[in-house]
Amino acid sequence: MMRLIHLIGAGGALAMIATGASLARQAQPAPGAVSPVPTVAARANSLLPNMQALFDGYVADDKMPGIVGAFGFGDRPTLFVSAGRISDEPVAAQAGPDSLWRIYSMTKPITGMAAMILVEEGKLKLDDPVAKYFPGFAKMRVLTSPDTSLDSVPAKSQITIRELLTHTAGLSYNISAKGPLLREYERLGILPGQVNAQIEVQARKARPKTLAEFAERVAQAPLIAEPGTKWSYSIGLDVMGAVIEKASGMSFDRFVQTRLLDPLRMNSTYWNVPASDVGRLSTNYLFVGDKRTPLDPAAGSVYLSPPSFPYGGAGLVSSARDYDRFLHMLQDGGILDGVRVMKAETAALAMSNLMPEGVYFAGLGDGTGGNMSAKMGFGAGGSVYLADGPGGVPSKGTYGWGGAAGTIAWVDPAKKVRGTVMVQYFPSEKWPLRQDVVGALSKDVARFRQ
């Protein structure tokens with residue numbers, strides 16, 4: 001069971017796409033023109049026909065039961081594009097802006113921004129040692145042969161908050177660790193995530209019951225690299241959740257709820273989906289070859305029960321509408337609908353390259369669903385483009401991340417463009433969705449340049 005968690009989680013996704021602001025400009029009526037006010041869905045169909053055709057084609061070809069996209073241009077109403085249903089069940093609801101999807105690693109940017117709020121308030125500093133909050137991290141050890149042995153030497157430096165946020169702490173992940181280290185993670189219960197009810201029964205036998213205990217167990221495991229020397233996808237944002245609890249004086253999930261979800265009116269974002277909302281919850285699927293099998297059916301989903309603790313790296317369920325509101329806040333510099341959750345300077349810092357000097361982000365390699373097209377860095381829980389991609393897509397400053405079940409999210413604060421795509425299947429790279437979304441958006445933009 002633990003091995004299955006490792007295998008199906010290995011498709012942790014990277015969102016590396018954006019489009020220009022020309023569509024946003026052209027979407028406005030000509031000066032003085034009189035036009036009816038269509039629904040947002042109708043506008044999406046008319047302004048994003050290539051995206052609609054892409055989504056329709058994916059569903060018609062039975063590559064997925066349903067898909068939803070939310071695309072924002074400035075402060076105009078978000079355009080929602082959708083096709084299909086939230087599961088293969090004939091009675092399943094149509095996929096739409098308020099359908100619920102397991103966003104997995106798209107939780108990381110939310111955790112990152114929660115941490116940055118505390119940085120803004122002076123309760124955390126980026127270069128604080130994690131040992132300030134959990135003393136067990138004061139004397140970490142580093143593996144000499146991470147893939148084959150648990151032999152280790154003392155670490156030369158301590159892990160910092162910056163390194164947790166940017167995956168440069170030397171920590172690993174149960175979805176990518178190998179051999180002895182993976183077995184050690186499993187022994188310690190370092191399994192911060194949920195797959196389905198059956199696997200959860202096994203995971204809970206080993207997993208700690210609180211976030212603080214989780215962090216303490218992480219401190220017992222060896223590192224795969226010296227802190228601050230290498231980018232390695234990791235459980236850093238889960239440990240960050242434990243630090244947020246200590247620094248804020250309240251539970252991690254409560255802090256996220258009161259400082260981000262409630263002010264942004266993200267009313268469909270949950271660690272634990274209420275039974276009353278099960279009709280909106282999608283089913284997650286597993287592809288073996290081209291055969292799609294329900295892995296976590298909505299009716300018996302593991303997300304209908306409280307998790308062992310809130311997973312800051314992969315714990316949330318959300319909707320396209322909700323996640324768009326989160327991105328919209330970042331796009332507008334920490335404010336949405338007149339409610340400010342962080343200073344503009346804090347949002348800008350969070351979406352900048354926070355990696356230690358001399359350390360570079362080179363992507364996740366196979367299984368990301370996309371290839372790097374320009375130099376990138378890493379901010380608070382998400383990647384950031386340090387230069388324009390080909391043709392300016394993505395553009396410099398674009399921040400985003402994706403989820404293991406295929407979800408995508410990005411925001412370009414300079415051009416004020418953002419996008420969210422929700423689907424639900426493992427592995428995320430089964431279909432070239434990220435590349436196809438780039439192509440469809442580019443075609444839709446091009447229509448307005450003619």
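One is the number of the first residue; the rest follow in order along the sequence. Heavy atoms only: backbone and side chains are in, while hydrogens, waters and symmetry mates are out.
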Looking at [Y], is its backbone amide N or carbonyl O close enough to the side chain of [X] to form a donor-acceptor pair, meaning the two atoms are under 3.5 Å apart?
X	Y	answer
Y303	G315	no
D296	N284	no
N174	L191	no
Q424	Y285	no
Q331	G74	yes
R217	F214	no
D444	N50	yes
R340	G333	yes
R325	L264	yes
S442	V438	yes

Query raised in the report: Quick one: do K416 and D75 make a salt bridge, cutoff under 4.0 Å?
Result: no

Query raised in the report: Distance under 6.0 Å and angle within 45° of the ring axis: does K375 meet both against Y385?
Result: no

**Report entry** Smallest separation among heavy atoms of P227 and E163, with atom names
**Finding:** CB-OE1, 3.6 Å

Query raised in the report: Where is the tightest heavy-atom contact between F252 and G312, given as atom of each residue plus distance?
Result: CE2-CA, 3.7 Å

Quick one, [X] and [Y] - any side-chain contact, counting heavy atoms below 4.5 Å?
X	Y	result
Y323	I110	yes
I86	T283	no
M140	P154	no
M113	F326	yes
S352	L354	yes
L316	Y270	no
V218	F134	no
F71	T78	no

Query - Ring geometry between F287 and Y425 (parallel below 30°, tilted from 30 to 60°, perpendicular above 60°) - result: perpendicular

Report task. Measure the acute angle between the ring planes of Y233 and W231, then classify it against the limits of 30° and 60° as parallel, tilted or perpendicular. Result -> parallel

Report task. Please check if the distance between the ring centroids of W410 and Y399 is under 6.0 Å. Result -> no

Query raised in the report: Between Y58 and F55, is the ring centre distance below 6.0 Å?
Result: no

Going by distance alone, is a donor N or O of one side chain under 3.5 Å from an acceptor N or O of the other, for [X] and [Y]?
X	Y	result
S251	E245	no
S308	R207	yes
D253	Q257	no
T166	T168	yes
T111	K108	no
S232	H167	no

Query raised in the report: I224 pairs by side-chain contact (heavy atoms from CB on, under 4.5 Å) with which of L171, L181, D147, V142?
Result: L181

Kindly compute the distance separating [atom1] ([X]) from [atom2] ([Y]), expressed to the nearest 0.5 Å.
X	Y	atom1	atom2	answer
Q52	L47	CD	CG	12.0 Å
I67	T407	CD1	OG1	11.0 Å
F426	R102	CZ	CZ	8.5 Å
L386	F378	CG	CZ	12.0 Å
S234	Y173	OG	OH	7.5 Å
T420	H328	OG1	NE2	12.0 Å

Suppose we screen for salt bridge (charged side-chain N to carboxylate O under 4.0 Å, His left out). Which residues come up paired with [X], at least two apart in sequence or across chains?
X	result
K63	none
D324	R418
R265	D337

Query raised in the report: Are M51 and V437 close enough, and set up right, to give a side chain to side chain contact (heavy atoms under 4.5 Å, CB included), and what steps lead you there?
Result: CA-CA 7 Å; M51 189 64 68; V437 166; 3.8 Å; yes

Query raised in the report: By ring-ring contact (aromatic ring centres under 6.0 Å, His included), which residues pair with Y311, not counting sequence neighbours?
Result: F309

Query raised in the report: Does the side chain to side chain contact (heavy atoms under 4.5 Å, CB included) test come out yes or no for M266 and L260, once each step is laid out?
Result: CA-CA 8 Å; M266 294 172 65; L260 284 169; 5.7 Å; no

Requested in this report: Can you establish whether the number of heavy atoms outside R254 located under 6.0 Å from its atom CZ is more than 12?
Outcome: no

Query raised in the report: In this structure, are over 12 heavy atoms from other groups packed under 6.0 Å from K246 atom NZ?
Result: yes

Query - Pairs involving residues 312-322, ordered by first then second residue, that meet side-chain hydrogen bond (donor to acceptor under 3.5 Å, both in side chains) (sequence neighbours left out) - result: D98-R321, T269-S318, T269-D322

Report task. I would like to know whether T144 and D151 meet side chain to side chain donor-acceptor pair (under 3.5 Å); could you show each step before the answer? Result -> CA-CA 6 Å; T144 55; D151 292 344; 4.9 Å; no

In a table with atom names and distances, give each donor-acceptor pair under 3.5 Å that connects a side chain of residues 114-127 to protein atoms at least two apart or in another chain.
unit_1 : atom_1 : unit_2 : atom_2 : d
E120   : OE1    : K343   : N      : 2.7
E120   : OE1    : T346   : OG1    : 2.5
E121   : OE2    : R259   : NH1    : 3.0
E121   : OE2    : R259   : NH2    : 2.6
D127   : OD1    : R162   : NE     : 2.9
D127   : OD2    : R162   : NH2    : 3.2

